[in-house]
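For reference, the structure is listed below as structure tokens.
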Amino acid sequence: MTSEPLDIAQLLQVLTSLILVLGVIFAAAWFFRRYGRMGSVAHDRLRVLAGISVGQRERILIVQAGEVQMLLGVAPGRVQTLHVFEEPVIDPQAEAEARAQGFGAVLKNELKKKVET
């Protein structure tokens, strides 16, 4: 048995197949990253607005459930409601707009507010 060297046509076919498979993998990863939360109904109604760590494994979170905002204490094996706010303390729309603007624009706006006061 002698092994025949690959000719150019076979090499191009292998490379084309490899590129096609990698393209399908990257396209699927992009699709699932962009549209992966389609089945999550609770995503719009329940979200963590802010949080801070108060220990190695303890956190305090502001969570919005529907129209209600709550302050929660979270520790391993325990979640406790610390306060339910009468009025929203964080506007999720303003937070989303600030994130969309980028850090530079937010910093510029905050500096303008400081100068005006």
Side-chain angles (χ1 to χ4, degrees):
M1 268 195 188
T2 61
S3 62
E4 298 177 14
L6 291 175
D7 63 350
I8 296 294
Q10 290 176 330
L11 186 60
L12 285 176
Q13 184 179 7
V14 169
L15 285 175
T16 305
S17 300
L18 179 63
I19 291 171
L20 181 66
V21 168
L22 289 175
V24 168
I25 290 171
F26 282 115
W30 174 83
F31 178 81
F32 285 119
R33 187 176 201 189
R34 180 155 174 104
Y35 300 107
R37 296 184 187 255
M38 282 194 292
S40 175
V41 174
H43 177 66
D44 291 335
R45 296 188 178 148
L46 183 66
R47 59 177 92 146
V48 176
L49 300 178
I52 188 168
S53 189
V54 292
Q56 283 187 330
R57 299 172 65 186
E58 296 85 15
R59 293 182 58 84
I60 294 178
L61 303 174
I62 296 179
V63 176
Q64 181 162 351
E67 297 297 320
V68 178
Q69 290 185 358
M70 298 176 279
L71 184 66
L72 302 177
V74 180
R78 183 174 176 147
V79 177
Q80 185 173 0
T81 303
L82 302 175
H83 186 72
V84 177
F85 296 105
E86 299 286 328
E87 298 178 3
V89 292
I90 297 176
D91 183 15
Q93 294 290 14
E95 293 289 319
E97 289 172 6
R99 268 188 246 115
Q101 287 179 355
F103 177 75
V106 173
L107 180 62
K108 188 175 181 180
N109 289 338
E110 292 299 319
L111 289 174
K112 280 183 183 177
K113 289 179 187 177
K114 289 284 185 184
V115 170
E116 290 173 1
T117 57

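All of these numbers come straight from a predicted model, not from anything done at the bench.
- Note on V89: it clusters hydrophobically with I52, by side-chain heavy-atom contacts below 4.5 Å among ILVMFWY residues.
- Of all heavy-atom pairs spanning G51 and L61, the tightest one is CA-CD2, 3.7 Å.
- Counting non-hydrogen atoms of neighbouring residues, nucleotides and ligands closer than 6.0 angstrom, the CD1 atom of I8 reaches no more than 12 such neighbours.
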inquiry  = Set out, in order, the CA-CA distance, both residues' side-chain angles and the distance that settles side-chain contact (heavy atoms from CB on, under 4.5 Å) for K112 and K108, then state yes or no.
reply    = CA-CA 6 Å; K112 280 183 183 177; K108 188 175 181 180; 4.3 Å; yes
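- The list of ring pair (Phe, Tyr, Trp, His ring centres under 6.0 Å) pairs with a residue in residues 54-91, not counting sequence neighbours, reads H83-F85.
- For the atom pair L49 CG and M70 CE, the distance stands at 10.0 Å (nearest 0.5 Å).
- W30 and F32 fall within a single hydrophobic cluster, where Ile, Leu, Val, Met, Phe, Trp and Tyr are joined by side-chain heavy atoms under 4.5 Å apart, directly or via other members.
- A distance of 10.5 Å separates CG in L71 from CD in Q80, rounded to the nearest 0.5 Å.
- Residues V68 and L82 do not share a hydrophobic cluster, defined by chaining ILVMFWY side chains whose heavy atoms lie under 4.5 Å apart.
- Rounded to the nearest 0.5 Å, atoms CD (Q10) and CG (D7) are 4.5 Å apart.
- Transitive grouping of hydrophobic side chains (ILVMFWY, heavy atoms separated by less than 4.5 Å) keeps L22 and F31 in distinct clusters.
- At a threshold of 4.5 Å between side-chain heavy atoms, the hydrophobic network of Ile, Leu, Val, Met, Phe, Trp and Tyr places L46 and V74 in one connected group.
- For residues 53-67, the side-chain hydrogen bond (donor to acceptor under 3.5 Å, both in side chains) pairs, not counting sequence neighbours, are Q64-Q69.
- The CG atom of L15 lies 12.5 Å from the CG atom of L20; values are rounded to the nearest 0.5 Å.
- Contacts classified as ring pair (Phe, Tyr, Trp, His ring centres under 6.0 Å) and involving residues 54-76 (residues at least two apart or in different chains) are not found.
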